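Structure first, then comments.
Just so you know, these numbers come straight off a predicted model, no measurement behind them.
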Amino acid sequence: MNRQTGLYAAPLLGALIALSWWLLPGHGFWARWDVGIFQGFNALLAEPGPWRLAMAITNNRLFDLVSLSCMVLLLLTLFLRSDGAGRARWVAIGLLMVITALLLNRIGHMVPVERPSPTLSVPGALRLTALIDFPTKDSSGDSFPGDHGLMLMIFAAFMLRFAPRWMGLTACLMVVVFTLPRIMVGAHWFTDIYMGSLAICLIFLPWLLLTPLGEKVLARLIPPVDRLFGRWWR
């Protein structure tokens with residue numbers, strides 16, 4: 001798929017995903033998936049053992065540093081493999097990524113959808129925090145959209161656009177790996193991430209990454225980045 005096709009296909013797909021959830025009575029198949037996925041994973045927490053411990057560890061706030069470290073490692077690899085001008089460009093790309101994430105996160109929370117996580121919505125749901133003796137995340141009063149998933153998807157989109165293909169695919173795999181724990185313990189509905197976060201990314205990111213806009217913004221960011229920090233890598 002070329003960029004011109006993707007520029008129109010991705011937002012259309014994002015809109016269709018969002019509308020299929022919004023317009024279907026009772027959210028249609030999305031609601032069935034949400035409940036079925038949650039109940040299937042929630043039942044696994046009933047028995048003490050390695051699974052329960054793994055879920056508690058991977059949903060501890062400190063574990064978020066693992067996903068952050070993986071993102072930083074990919075960016076650092078690209079930075080170190082570049083020359084002076086290339087390094088300034090990658091710092092600018094990282095800065096643009098952060099700005100984009102802040103804007104899209106704000107847009108996501110402007111969507112008129114508020115709902116508690118499945119652990120707070122489904123009667124009789126097991127709460128991991130009641131089953132283990134150290135802090136972990138198993139609920140959210142307003143879980144839509146999935147902020148964690150949104151950040152990972154934005155990173156993956158930037159890697160697909162600017163990095164080698166294997167890094168882009170690695171970043172896409174990271175989306176799945178690092179969002180699954182939140183879904184498996186019921187801190188997020190499946191649709192918080194794979195409808196909400198995904199639709200936001202598909203609708204908005206192509207206009208930055210598949211048009212000249214992204215390169216124009218980078219052209220403005222690179223000179224001041226190089227002036228401020230260039231002496232550290234020349």
Side-chain angles (χ1 to χ4, degrees), residues 11 14-45 55-68 71 97-132 134-157 174-205:
L16 289 174
I17 290 172
L19 288 173
S20 70
W21 181 85
W22 197 282
L23 298 179
L24 286 174
H27 306 309
F29 62 89
W30 290 110
R32 293 193 294 275
W33 288 359
D34 268 343
V35 174
I37 290 170
F38 169 68
Q39 290 180 333
F41 282 121
N42 195 242
L44 298 177
L45 297 177
M55 290 298 97
I57 292 172
T58 54
N59 283 284
N60 183 278
R61 287 296 189 183
L62 288 176
F63 191 78
D64 290 348
L65 295 176
V66 176
S67 60
L68 178 61
M71 291 188 280
M97 194 186 309
V98 171
I99 294 169
T100 302
L102 292 173
L103 289 173
L104 290 191
N105 184 60
R106 179 59 182 164
I107 289 171
H109 286 283
M110 292 172 64
V111 176
V113 176
E114 291 186 17
R115 58 176 177 170
S117 62
T119 48
L120 301 179
S121 304
V122 178
L126 294 174
R127 294 283 303 275
L128 189 57
T129 50
L131 303 173
I132 50 95
F134 60 88
T136 193
K137 178 180 174 65
D138 69 357
S139 64
S140 174
D142 183 10
S143 66
F144 183 92
D147 294 341
H148 191 58
L150 183 63
M151 301 303 110
L152 286 162
M153 288 178 184
I154 292 169
F155 178 78
M174 286 166 53
V175 174
V176 178
V177 170
F178 290 119
T179 58
L180 264 178
R182 293 286 200 273
I183 295 171
M184 289 190 290
V185 299
H188 282 290
W189 295 99
F190 174 80
T191 52
D192 290 338
I193 298 165
Y194 292 101
M195 186 283 295
S197 300
L198 180 59
I200 290 169
C201 287
L202 287 173
I203 291 170
F204 291 102
L205 285 179

I need the [X] [atom1] to [Y] [atom2] distance, nearest 0.5 Å.
X: Ser117; Y: Phe38; atom1: OG; atom2: CZ; result: 8.0 Å
X: Thr136; Y: Arg127; atom1: OG1; atom2: CZ; result: 11.0 Å
X: Met153; Y: Met174; atom1: CE; atom2: CE; result: 12.5 Å
X: Trp189; Y: Phe144; atom1: CH2; atom2: CZ; result: 13.5 Å
X: Met97; Y: Ile154; atom1: CE; atom2: CD1; result: 9.5 Å
X: His148; Y: Ile193; atom1: NE2; atom2: CD1; result: 8.0 Å

Thr191 and Arg115: side chain donor to acceptor below 3.5 Å: yes
Quiz question: by atom type and distance under 3.5 Å, do the side chains of Asp138 and Thr119 form a donor-acceptor pair? no
Please set out all donor-acceptor pairs under 3.5 angstrom arising from side-chain atoms of residues 103-111, sequence neighbours excluded.
from   : atom 1 : to     : atom 2 : distance (Å)
His109 : NE2    : Asp147 : OD1    : 2.9
His109 : NE2    : Asp147 : OD2    : 3.3

Sequence-distant partners of [X], ring pair (Phe, Tyr, Trp, His ring centres under 6.0 Å), two or more places apart:
X: Phe29; value: Trp33
X: Phe178; value: none
X: Tyr194; value: Phe190

Which heavy atom of Val175 sits nearest a heavy atom of Ala156, and at what distance? CG2-CB, 4.0 Å
Looking only at heavy atoms, which two atoms of Ile200 and Pro145 are closest? And how far apart? CD1-CG, 4.0 Å
Sub-3.5 Å donor-acceptor pair from the side chain of Ser197 to the main-chain atoms of Gly149, do we have one? no
For His188, does its backbone N or O pair with a side-chain atom of Asp192 as donor and acceptor, under 3.5 Å? no
Do the non-hydrogen side-chain atoms of Leu202 and Pro11 ever get within less than 4.5 Å of each other? no
Donor-acceptor list for residues 180-187 side chains, cut-off 3.5 Å, not counting sequence neighbours:
from   : atom 1 : to    : atom 2 : distance (Å)
Arg182 : NH2    : Asp64 : OD1    : 3.0
Arg182 : NH2    : Asp64 : OD2    : 3.1

Which pairs would a plain distance check flag for residues 14-22, meaning a side-chain donor or acceptor within less than 3.5 Å of a matching protein atom at least two apart in sequence or in another chain?
from  : atom 1 : to    : atom 2 : distance (Å)
Ser20 : OG     : Leu16 : O      : 3.3
Ser20 : OG     : Ile17 : O      : 2.7
Ser20 : OG     : Trp30 : NE1    : 2.8

Check the pair Leu65, Leu62 against side-chain contact (heavy atoms from CB on, under 4.5 Å), reporting the backbone distance first and the verdict last. CA-CA 6 Å; Leu65 295 176; Leu62 288 176; 4.2 Å; yes
